[in-house]
Every structure is written in structure tokens, then in C-alpha cells.
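Here the structure comes first, spelled out in C-alpha cells, and everything after it is commentary.
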Amino acid sequence: MFFPPESRFSLLLLNLEEYYFEQHRANHILHKGSHHERKIRGSLKICSKSAIFEPDAISQPIIKIPLRDCIKIGKHGENGANRHFTKYVIFTTVYFIKEHNVVAPYKIERGKMEYVFELDVPGKVEDVVETLLQVSTCWVENSKQTEITAILQSRLARTSFDKNRFQNISEKLHMECKAEMVTPLVTNPGHVCITDTNLYFQPLNGYPKPVVQITLQDVRRIYKRRHGLMPLGLEVFCTEDDLCSDIYLKFYEPQDRDDLYFYIATYLEHHVAEHTAESYMLQWQRGHLSNYQYLLHLNNLADRSCNDLSQYPVFPWIIHDYSSSELDLSNPGTFRDLSKPVGALNKERLERLLTRYQEMPEPKFMYGSHYSSPGYVLFYLVRIAPEYMLCLQNGRFDNADRMFNSIAETWKNCLDGATDFKELIPEFYGDDVSFLVNSLKLDLGKRQGGQMVDDVELPPWASSPEDFLQKSKDALESNYVSEHLHEWIDLIFGYKQKGSGAVGAHNVFHPLTYEGGVDLNSIQDPDEKVAMLTQILEFGQTPKQLFVTPHPRRITPKFKSLSQTSSYNATMADSPVSPGEESFEDLTEESKTLEIFLICPLLIIKLDSTLKMFSKESKMLQRSISFSNMALSSCLLLPGDATVITSSWDNNVYFYSIAFGRRQDTLMGHDDAVSKICWHDNRLYSASWDSTVKVWSGVPAEMPGTKRHHFDLLAELEHDVSVDTISLNPASTLLVSGTKEGTVNIWDLTTATLMHQIPCHSGIVCDTAFSPDSRHVLSTGADGCLNVIDVQTGMLISSMTSDEPQRCFVWDGNSVLSGSQSGELLVWDLLGAKISERIQGHTGAVTCIWMNEQCSSIITGGEDRQIIFWKLQY
């Protein structure tokens with residue numbers, strides 16, 4: 001995470017958005033031409049905003065010379081002696097850093113100064129002078145970032161990855177592109193190269209080492225990241241440690257990022273590249289994950305990374321009591337109210353903020369600062385990451401009285417301060433106490449009372465830093481927090497993060513902190529864009545929203561240990577609540593929030609990512625297949641009854657051979673969860689939360705040991721928001737899609753064009769279908785409405801309302817049978833526009849309905865874990 005540099009020079013000596021180009025062995029000549037002349041041996045670093053000289057002798061300070069105010073740069077010498085070049089600097093600022101290798105605030109010297117450097121290689125003088133002149137001209141002429149970027153891209157274009165760095169001569173190159181390696185506060189440009197066995201990054205400047213190599217076999221997880229508000233990041237983990245990755249890359253083009261991600265994911269055929277918040281939520285609910293582990297996973301999924309201080313993992317303040325001599329975790333008064341953001345914990349302060357909010361013109365916000373930012377992260381970590389703080393604050397530590405001096409003082413300021421609303425970081429619930437102890441003996445200044453800033457002052461109930469962390473961990477895993485943590489998740493990652501939920505929860509921050517708050521691509525001026533991006537990054541960013549509905553409470557009172565959660569042998573019992581023929585009860589012992597999706601009398605899918613096959617005759621489980629630990633969303637049986645296709649929230653579509661009992665293939669075609677799939681005439685239709693429906697052409701392999709033919713993308717149907725359901729008409733010439741915002745779209749598949757867009761629901765569209773003659777579309781939604789739409793005109797010709805969401809339905813063109821949130825089955829009379837019958841079916845929501853082609857048998861599945869068989873009587 002925060003590692004001290006191996007040498008005195010590090011990229012942290014550069015300014016933000018500055019690049020280190022090259023270095024040259026050289027002498028710094030003092031008192032040139034006088035009898036006091038002497039030489040200091042070292043290395044000269046050429047950067048995009050400065051020249052930095054690092055002496056070999058640690059007693060000498062590193063010299064950083066900004067190029068902004070240089071009035072002349074040229075060769076120095078006579079009679080062709082061109083080993084020297086001189087920089088004439090007037091009214092400039094020169095920084096002296098790490099004298100005697102001591103980390104301390106930079107010393108500054110101002111005035112007219114001349115520096116002479118002698119390069120070891122005389123032939124390099126011309127190139128170095130030209131580079132410095134070119135870079136300094138950018139600042140003099142105020143062209144700034146545009147020219148700097150052009151210089152960088154030119155250097156990258158003139159170089160390529162050195163293939164001699166391959167680990168093995170037999171390696172096969174797959175792709176190569178330009179990218180930057182991201183570490184806290186720093187990005188380092190270079191070349192990315194991936195072969196059949198390794199991932200490489202070669203820095204343009206050869207720093208901190210010539211090449212970074214990762215063996216693909218070691219990769220455990222990969223994540224697409226949002227970096228600088230753009231979809232350009234990729235983070236690779238080779239361990240199960242969720243906090244620190246092995247490499248974080250930022251690409252210049254999203255397609256390069258996506259291509260590299262796809263190749264690694266394809267290489268790791270049996271490895272699940274990404275997880276979903278919902279799958280982790282179920283594990284946490286059942287007690288399989290601790291509160292700490294769950295929060296780490298959510299941070300990871302929400303683009304929070306230790307390599308990006310503007311998106312550092314955020315953890316909550318848990319404890320309210322920092323004054324008692326004993327910490328009582330059985331007393332609710334010991335804990336902070338997790339249902340409120342930090343800014344709303346103090347009633348008087350909140351009233352003042354709300355008054356200002358109500359008087360504020362649009363766009364309104366309640367809090368002028370964020371709960372997580374680079375400054376706040378380094379506020380907590382200054383004792384182990386002092387050079388990062390100096391980098392962020394232009395060579396200075398903060399005022400001694402504003403430093404992280406005391407746990408109790410910091411908490412009090414978060415409660416009472418006019419602009420302090422910060423939360424905590426994972427280190428407060430970890431095992432490493434070094435961020436609380438000034439083990440480096442840093443001179444962090446003297447407070448007004450005269451005492452030096454040293455170790456962090458702990459609350460009375462903590463006997464040592466180790467004791468403080470242990471009790472903080474105990475508090476995080478306590479029963480009270482387990483019962484209320486979902487409330488804080490709603491604020492930070494969930495439905496109270498944005499919109500009306502955020503307003504009602506007093507959780508509204510500056511618009512620039514939210515994803516999509518500003519369109520950087522619309523800013524034409526590169527310098528204005530960099531200024532805006534810098535402002536956003538330094539201010540802090542709100543995590544990516546993971547949940548749009550209230551987060552459920554934890555089922556188990558406290559995390560203990562893994563336990564058996566499912567039984568593969570289903571038991572038979574007569575259904576006590578339905579007139580159905582027979583039912584499968586207690587399919588698993590898992591949480592009742594799990595849903596069951598049904599595709600035929602033999603196959604079911606549960607929302608725990610497992611495909612289960614039951615025999616209708618024996619009522620016994622025949623087969624159970626787990627594709628990943630992410631939820632499966634949809635399933636269908638291909639013609640011939642030999643292959644099952646399932647879609648998953650891990651963005652993939654899986655092909656499973658019933659005959660050979662193994663997975664045949666994986667199609668990775670989306671950037672977010674695949675919500676629904678359809679198949680007709682060797683074409684696959686996939687809907688996704690990435691706001692697309694894609695049409696693929698291809699036939700799966702017939703033999704389990706072979707790969708399928710390449711799937712061709714025939715069409716991509718773009719939507720404005722995530723797509724939750726799709727259906728085809730019988731001829732597969734039309735497709736209807738339903739979105740999370742209540743819009744029904746009708747598409748002509750022969751031309752891949754949108755025919756009609758009908759906003760007819762006030763919430764998520766749960767299910768859609770065409771009538772047998774393709775003249776009408778029926779849709780149900782979370783708003784309880786059942787709508788009938790004319791396909792030719794796109795008009796809403798009928799709308800009927802129930803008092804609860806209708807999750808699914810089947811119909812024969814005349815009558816409709818729908819499954820309700822309460823478990824009821826409703827029979828709708830379309831001609832009479834009314835509900836003609838109500839049948840009690842399940843004790844929880846009906847999640848799926850299947851009907852045979854003869855319209856004589858129906859099977860329903862519900863959240864009560866029952867499968868019920870019905871006979872229709874006309």
C-alpha cells in the first residue's frame with residue numbers, strides 16, 4: 001500500500017499531473033570557474049515540470065528546480081566543450097529535499113540563481129537541452145497540458161515494449177498498448193504487453209524497475225476501474241487480500257482496457273473475474289462474511305482502491321464514546337447512529353446546514369466537503385506516509401493543531417466542525433498500529449500548547465494502540481453494528497446515495513463528487529479539463545452506487561464461522577397452502593430472500609448462482625452445478641434438450657451440456673450483469689444492466705472438450721438505462737425490452753431499429769411478452785400495473801392496476817396469470833379489464849411461472865422455496 005521509496009528520489013517529488021521522462025548521470029558544478037569550484041556526483045532527472053538532481057551522497061539535499069520561471073536554458077562552455085549546460089533562473093523557487101535522507105518539509109530558496117550540470121555522456125547534451133527548452137516553453141507560452149501530453153505521446157509512440165524482457169523465448173505476444181501504472185498520487189506512463197503466460201508493464205523511464213511482470217497463473221481477481229471519472233482503469237490481484245492489488249493500470253483508450261480484461265478473463269477459464277454486490281450481500285446476510293470483509297468487498301466493487309487516494313476505501317465511524325474508561329459494547333449508547341451521515345449527527349449543525357441548503361440556488365448541496373478525499377486519507381496516515389502528504393501539500397505538513405493528534409478530538413471535530421464530515425478508513429479496523437505511532441520520529445510540528453506532535457492520543461478505554469484496534473474490531477463485529485450496518489450501506493453505496501433518498505436522509509454532497517456529475521468529454525480546452533479533473537480528484541468522489549433498493553438487514557446476529565447452508569436432497573410434502581398437485585419443499589436451508597427461476601419441469605435456477613435439476617417423477621435432485629459465486633439471472637434449454645444456457649450477474653453467459661455434465665463454454669459479452677437471455681434459430685439475445693441488448697450468431701460446440709465457433713455480434717440495441725427483461729415474438733422478428741425506469745421498447749430485429757418507446761410504468765418493468773399473433777405486448781411492473789400495448793402504433797390501449805408488484809406472468813392471448821409480490825396468483829380478464837380470480841399460491845413472492853405449450857400445466861416458484869405444480873381447468 002504505502003511503501004517508502006527504495007531510493008531517495010521517488011515520483012512523489014513530482015507535482016500532480018507531472019511526468020518523469022528520463023535520467024542522466026551527471027555532476028552538479030558549484031562555483032563554476034572559481035578556485036572554490038567543486039563537483040557533486042549524482043543523477044539528473046528530466047521531468048515535464050521540473051529538473052531534479054539527486055546527489056549520490058545522502059548528506060546533500062535533492063534539488064528540485066521548477067521550469068516555469070526559467071528565462072534561459074542552454075549549453076555552457078567554450079571551444080566546443082559541450083559536456084555542460086547551464087540553466088539561468090530568475091525569481092524562481094528551488095526546493096531542497098531530504099537532506100541527510102530525513103523526511104521533512106521542503107526547504108525553499110528564492111531569487112536569481114544559476115545551476116551548471118555536467119553530463120557523463122557529452123552526446124546527450126543537445127537532446128537534454130532541447131527537451132528542457134521544449135517543456136519550459138509550454139509553461140512560458142501557457143500551452144501547458146496540451147503540449148506536455150503531446151510530448152509524452154510522442155515519446156511513447158517512438159518506443160515499444162522490449163521483447164527481450166519476456167520470461168521465456170517461447171512466449172507468444174497477444175497484445176501491446178500504451179498505459180500508465182497507477183500508485184497513490186502518481187501515474188507512470190509506459191507500455192503494457194500481454195503474452196500467453198504473462199502480463200508485463202515497462203515504464204517509459206525505467207522507474208522504479210525496468211519491467212513489472214505478473215504471471216497469469218497467479219491472477220486471482222481482476223476489476224475494471226473508473227479512473228479520473230473515466231472507464232479506463234484495470235486492477236489485478238494475485239492474492240485474496242482485498243485491500244492491496246498487484247498492479248493498477250490506467251489506459252488511454254477504453255477499448256485497450258476492455259481487450260486486456262477480456263484476454264485475462266478468457267485465460268482464467270475457471271476463474272470468476274468479478275463478483276456482484278448481491279452475491280456478497282447474501283453471504284454477509286447468512287454470516288459467511290464478517291462486517292469488515294463485507295465492507296471491503298463493497299468498496300472494491302464501488303471502484304475504491306488503495307492505489308487511488310481520491311477513491312480510497314471508506315469505513316464508518318462506529319464508536320460514539322471516546323471518553324469512558326471502559327468500552328461497553330452491550331450499550332447501544334456506545335455506538336454512532338449508522339442511519340445518518342456524519343453531517344447529520346449533530347442536530348444543531350444540521351439545522352444550520354439545511355437553512356443554507358434551502359436558500360441555495362441549484363445545484364443544491366448540504367455539505368461543502370466530502371466524507372472521503374486524498375487529504376483526509378493522508379490526515380490519518382501521515383505517520384506512515386509522510387512523503388505522500390508532502391507531495392499533496394507542496395512540500396509542507398499541515399498545521400500542527402490540525403494534524404491527527406487525538407481520536408477523541410477528531411471525532412469531536414467531525415461532530416461539531418462546520419466543514420468536517422469525514423468517515424474512517426480500513427486501517428482503523430485492521431491489525432497494523434503503525435499509523436497511530438510516530439515510529440519514524442517525524443518532526444510534525446509543535447502545537448499551540450507547546451507539545452510536539454507525536455503518537456496519536458488514544459481514548460481512556462484503550463491501553464495501547466493494539467488494544468484500540470482490537471476493541472474497534474470488536475465494535476465493528478458487534479451485534480449492534482450487525483443489526484444496523486445496512487443503514488450506513490444505504491447512505492454510502494445504496495439508494496440513499498442519490499436522488500430523493502439522499503435528500504430525505506440529509507446526504508447530499510457537491511454535484512462534482514458524483515459519478516456523471518460532470519461530462520469531462522464535453523470540455524474542449526485540455527487545461528480546463530485538467531483543472532476540473534484535479535478539483536474533482538482532490539475534493540473526493542462518491543462511491544459507485546451498488547444498490548438502488550433498501551439493503552436488507554443481516555440475518556445472523558454475529559459472524560462466527562462457515563456452516564453448511566444447503567441440502568441437495570429435496571424432501572417431499574403436500575402443500576398446505578395451495579390446490580397444486582405436488583410441491584418441492586425446503587430445496588435449501590438458505591435465506592428466504594433467495595429467488596427461484598424455472599424453465600421446464602426438470603430445471604430450476606436459484607439466486608445463489610447454482611443450477612439445479614430435479615426429476616419430476618422422483619422429486620429428487622438429479623444434478624447441481626455452480627458456475628461462479630455470482631447470481632444466475634436467466635436460463636433456457638436449447639432445441640434438442642441437450643444444452644442449457646444460463647446468464648449471470650458476473651456479465652457472462654454460460655453453456656452447459658446435460659449429456660456430458662459439464663460447462664461447454666462461456667460468452668463474455670457485457671460490461672454489467674446479464675439480466676435475461678432468449679434463443680431462436682441459432683441466435684442468442686442477451687439483455688444487460690449495461691444498457692444494451694445484444695444479438696449474437698453462433699452455435700455451441702457439440703463435444704465438451706472443444707470450443708464453440710466464434711460468436712458474432714450481429715446487432716447492439718442501445719438503451720438509456722439498464723435493461724431488466726426482454727421477450728421475442730414467435731417469429732423472432734420483434735423484440736420487446738423493459739428497463740429499470742419503467743420504459744417498454746419495441747424493436748424491429750430485421751433492421752435493428754427502435755419502433756416504439758413507451759414510458760408506461762413508474763418503476764422497474766418486471767416481465768414482458770408478445771401475444772401469440774404478435775399484435776400486442778403485455779408488460780407488468782413493480783408499480784402493480786398490467787399494460788397492453790399495440791405493436792403497430794405503440795399506443796397503450798389498456799392499463800389495469802393491482803395493489804402490489806406483479807413479478808411474472810404467462811398468457812395465451814386472452815387470459816393472463818400473474819405472480820404477485822405477496823405470493824398470490826391473479827387471473828386477469830383482459831376484455832373486461834379486471835381481475836377475475838385470486839388464488840393463494842406461495843407464502844412469499846412468486847418469482848417465476850412456466851406453462852407448457854398446450855396451456856394445460858403450470859409450474860410456479862417462489863421466495864418460500866417451493867415449486868408448485870398446477871393443472872388448468874377451463
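No experiment lies behind these values; they were computed from the predicted model shown.
- Counting heavy atoms from C-beta on, the side chains of Val314 and Ile425 never come closer than 4.5 Å.
- Taking CG of Leu442 as the reference point, atom CD1 of Ile384 lies at 11.0 Å (rounded to 0.5 Å).
- Annotation: cation-pi pair Arg221/Phe237 present, NZ/CZ under 6.0 Å from the ring centroid and within 45° of its normal.
- Rounding to the nearest 0.5 angstrom, the gap separating the CG atom in Leu476 from the CG atom in Leu485 is 7.0 Å.
- If you take CD on Glu387 and CG on Leu185, they are separated by 11.5 Å, rounding to the nearest 0.5 Å.
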Apply the test side-chain contact (heavy atoms from CB on, under 4.5 Å) to residues Thr410 and Ile407: give CA-CA distance (whole Å), side-chain angles for both, the deciding distance (0.1 Å), then the verdict.
CA-CA 5 Å; Thr410 302; Ile407 303 289; 6.0 Å; no

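- Side chains of Thr513 and Phe539 form a contact here, defined as non-hydrogen atoms less than 4.5 Å apart.
- Under 3.5 Å, the side chains of Gln541 and Ser310 contain a donor-acceptor pair of N or O atoms.
- Side-chain atoms of Leu469 and Asp431, non-hydrogen and from C-beta on, never get closer than 4.5 Å to each other.
- Between the side chains of Arg553 and Ser482, no donor-acceptor pair is found at a separation under 3.5 Å.
- Here the CG atom belonging to Asn405 is positioned 11.0 Å from the CG atom belonging to Asp455, to the nearest 0.5 angstrom.
- Counting all heavy atoms, side chain and backbone alike, Ser323 lies closest to Pro460 at O-CG, 3.4 Å.
- No donor-acceptor pair closer than 3.5 Å links the side chain of His719 to the backbone N or O of Val721.
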Does Asp321 form a side chain to side chain donor-acceptor pair (under 3.5 Å) with Ser324? I'd like the steps, not just the answer.
CA-CA 7 Å; Asp321 179 6; Ser324 300; 2.6 Å; yes

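- The 12-atom threshold is exceeded at CD of Gln451, counting heavy atoms of other residues, nucleotides or ligands nearer than 6.0 Å.
- Residues Arg402 and Phe379 fail the side-chain proximity criterion, which asks for heavy atoms closer than 4.5 Å.
- Of the possible donor and acceptor atoms, none in the side chain of Arg807 sits under 3.5 Å from a partner among the backbone N and O of Ser820.
- For the ring-ring contact (aromatic ring centres under 6.0 Å, His included) with His551, the lone residue among Trp488, Trp284, Phe493, Tyr280 that qualifies is Trp284.
- Judged by distance alone, the side chain of Gln497 and the main-chain N or O of Leu491 form no donor-acceptor pair under 3.5 Å.
- Of the candidates Asp328, Thr334, Ile319, Trp461 forms a side chain to side chain contact (heavy atoms under 4.5 Å, CB included) with just one, namely Ile319.
- With salt bridges taken as basic N to acidic carboxylate O contacts below 4.0 Å, one links Arg226 and Asp303.
- There is no side-chain donor-acceptor pair under 3.5 Å between Asn479 and Glu483.
- Between the Glu427 side chain and the Asp432 main chain, no donor and acceptor come within less than 3.5 Å of each other.
- Side-chain N or O atoms of Arg336 include one that pairs as donor or acceptor with a backbone N or O of Lys340 at under 3.5 Å.
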Residues Arg352, Asn346; criterion side chain to side chain donor-acceptor pair (under 3.5 Å); working and verdict:
CA-CA 10 Å; Arg352 293 194 299 270; Asn346 182 320; 5.9 Å; no

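- At least one donor-acceptor pair closer than 3.5 Å links the side chain of Asn507 to the backbone N or O of Lys496.
- Heavy atoms of other residues, nucleotides or ligands lying less than 6.0 angstrom from CG of Asp720 number 12 at most.
- Looking at Arg349 and Asp416, no side-chain N of the basic residue comes within less than 4.0 Å of a carboxylate O on the acidic one, giving no salt bridge.
- Donor-acceptor pairing under 3.5 Å is lacking for the side chains of Asp672 and Ser722.
- A centroid separation of less than 6.0 Å is found between the aromatic rings of Trp411 and His320.
- Asp690 contributes no side-chain N or O that, together with a main-chain N or O of His670, makes up a donor-acceptor pair within less than 3.5 Å.
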Verdict with reasoning, Asp671 to Ser688, per side chain to side chain donor-acceptor pair (under 3.5 Å)
CA-CA 8 Å; Asp671 293 324; Ser688 171; over 6 Å; no

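- The backbone N or O of Pro231 lies less than 3.5 Å from a partner atom in the side chain of Arg257, making a donor-acceptor pair.
- Within the model, atoms NE2 of His761 and CD of Glu741 stand 14.0 Å from one another, a figure rounded to the nearest 0.5 Å.
- With a 4.5 Å cut-off on side-chain heavy atoms, Ile222 and Glu235 do not count as touching.
- Between the side chain of Ser373 and the backbone N or O of Gly540, no donor-acceptor pair lies under 3.5 Å.
- The aromatic ring centres of Phe365 and Phe509 sit 6.0 Å or more apart.
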Stepwise, does the side chain to side chain donor-acceptor pair (under 3.5 Å) test hold for Ser369 with Asp420?
CA-CA 7 Å; Ser369 63; Asp420 193 350; over 6 Å; no

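- Remark: aromatic rings of Tyr380 and Phe428 are close, center separation under 6.0 Å.
- In this structure the side chain of Val377 never reaches within 4.5 angstrom of the side chain of Pro184, judged on heavy atoms.
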Side-chain polar contacts of residues 354-362 - donor-acceptor pairs under 3.5 angstrom, sequence neighbours left out - could you list them?
unit_1 : atom_1 : unit_2 : atom_2 : d
Thr355 : OG1    : Glu351 : O      : 3.0
Arg356 : NH2    : Met366 : O      : 2.9
Glu362 : OE1    : Lys364 : N      : 3.4

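- Side chains of Asn291 and Arg554: a donor on one and an acceptor on the other come within 3.5 Å.
- Using a 4.5 Å heavy-atom cutoff, the side chains of Leu234 and Tyr248 are not in contact.
- In this structure, Thr542 and His370 approach most closely via the heavy-atom pair OG1-NE2, 3.0 Å.
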For Phe404 and Glu409, run side-chain contact (heavy atoms from CB on, under 4.5 Å): C-alpha distance rounded to whole Å, both residues' side-chain angles, the deciding distance at 0.1 Å, then the answer.
CA-CA 9 Å; Phe404 181 32; Glu409 282 183 14; over 6 Å; no

Report the C-alpha distance between Leu338 and Val481 in whole Å, list the side-chain angles of each, state the deciding distance to 0.1 Å, and finish with yes or no for side-chain contact (heavy atoms from CB on, under 4.5 Å).
CA-CA 8 Å; Leu338 289 167; Val481 174; 4.3 Å; yes

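- Here the OG atom belonging to Ser464 is positioned 11.0 Å from the CZ atom belonging to Phe468, to the nearest 0.5 angstrom.
- Proximity of a side-chain donor or acceptor of Ser675 to a complementary backbone N or O of Trp689 within less than 3.5 Å is not detected.
- Contact between Pro465 and Leu436 at its shortest, heavy atoms only, is CB-CD1, 4.2 Å.
- Between Arg447 and Asp401 there is a salt bridge, since at least one side-chain N of the basic residue sits less than 4.0 Å from a carboxylate O of the acidic one.
- Between Phe421 and Tyr371, the ring center distance fails the sub-6.0 Å criterion.
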side-chain contact (heavy atoms from CB on, under 4.5 Å) for Thr743 and Val765? Distances and angles first, verdict last.
CA-CA 7 Å; Thr743 300; Val765 180; over 6 Å; no

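- When side chains are defined from C-beta on, Lys422 does not count as touching Val342, because their heavy atoms never get closer than 4.5 Å.
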